Amino acid sequence: MTRRARRLVDFDAPSDVVARALIGATLQVDGVGGVIVETEAYDQADAASHTFMGPTARNAAMFGPSGHAYVYRSYGIHWCLNFTCRPSGHGAGVLIRALEPRTGVDEMRLRRGVDDPRLLCAGPGRLGQALGISMAHYGLPLDRPPFFVAAPDAAVEVVAGPRIGISKAVEAPWRFGLKDSRFLSRPFGRAVDAA
DNA sequence: CTTTCGATGATCT
DNA sequence: GATCATCGAAAGG
């Protein structure tokens with residue numbers, strides 16, 4: 001079977017640029033994944049970011065090289081997946097908030113305990129569970145197994161808006177989504193093009 | 001449809 | 001001791 005050459009994602013850029021570029025990209029973990037439809041950007045100069053207060057044990061990955069996984073536990077329950085970005089040592093990352101399931105969907109259903117494809121990966125906690133994310137993935141590079149990341153094959157329509165679930169810097173429009181996707185964690189209020 | 005609230009534990013002050 | 005980059009169930013319109 002012929003497989004198109006993988007288009008690489010450039011993680012060596014500011015987090016909002018990377019977050020936008022990841023919409024429409026393919027993400028797989030051990031072959032389970034799909035198309036990224038929702039991301040959020042975080043940066044050290046950002047009161048809502050885990051890196052705002054500087055380096056700690058938890059956020060060390062975001063002060064390491066770009067293009068690696070940053071994993072954290074959310075509300076003591078969920079595993080959330082981020083991609084580190086920016087030139088190394090800048091404390092920036094992109095939260096992967098939702099994807100459209102394409103491969104390993106039955107495995108996702110087993111892990112999630114639900115059937116509806118729209119509820120498998122719509123939200124960072126759900127996505128982490130569906131993809132089997134854990135601290136075992138912390139700091140791993142994204143350009144080789146178990147990860148597979150490929151940039152979009154074609155141009156996609158991207159919208160932007162305020163981030164979700166934060167209490168600081170709430171107005172910054174650093175949430176990005178695939179326009180009109182049915183697999184978002186929540187719809188975008190005013191669809192502002194993020195060209 | 002909406003709002004409210006408990007779960008659950010690491011992290012940081 | 002307070003705060004979470006969340007989710008799902010329950011209760012109310």
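Predicted, not measured: the structure shown is a model, and the values here were computed from it. Reminder, nothing fancy here: chain letters follow the sequence lines and each chain counts from 1.
A donor-acceptor distance shorter than 3.5 angstrom exists from the side chain of His68(A) to the backbone of Gly139(A), with no hydrogens or angles considered. Checked by atom type and distance alone, the side chain of Tyr138(A) pairs as donor or acceptor with a backbone atom of Arg58(A) at under 3.5 Å.
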Quiz item: Which letters describe nucleotides 7-13 of chain C, given B = protein heavy atom under 4.0 Å from base, S = only from sugar-phosphate, - = neither?
Solution: SS-----
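Protein chain A touches strand DNA chain B; the 5'-most and 3'-most nucleotides with an atom under 4.0 angstrom of its non-hydrogen atoms are dA7(B) to dC12(B).
A straight line from CG of Leu95(A) to C1' of dC4(C) spans 13 Å, rounded to a whole angstrom.
The phosphate of dC4(C) (OP1 or OP2) has a side-chain N or O of Ser167(A) nearer than 4.0 angstrom.
By the salt bridge (charged side-chain N to carboxylate O under 4.0 Å, His left out) test, Arg109(A) pairs with Asp106(A), sequence neighbours left out. Every residue meeting the ring pair (Phe, Tyr, Trp, His ring centres under 6.0 Å) condition with His137(A), not counting sequence neighbours, appears here in chain and number order: Phe147(A). With sequence neighbours excluded, the residues that form a side chain to side chain donor-acceptor pair (under 3.5 Å) with Glu100(A) are Arg102(A).
We find that the ring of Tyr72(A) and the base of dA5(C) do not stack by the test of centres under 5.5 angstrom and planes tilted less than 30°.
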Quiz prompt | Bracket notation of DNA chain C in which parentheses pair within the strand, [ ] cross earlier pairs, and | pairs with another strand (Watson-Crick or G-U, under 3.5 Å) | solution = ||||.|||||||.
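Within 4.0 Å (heavy atoms only), Ile166(A) reaches sugar-phosphate atoms of the nucleic acid but no base atom.
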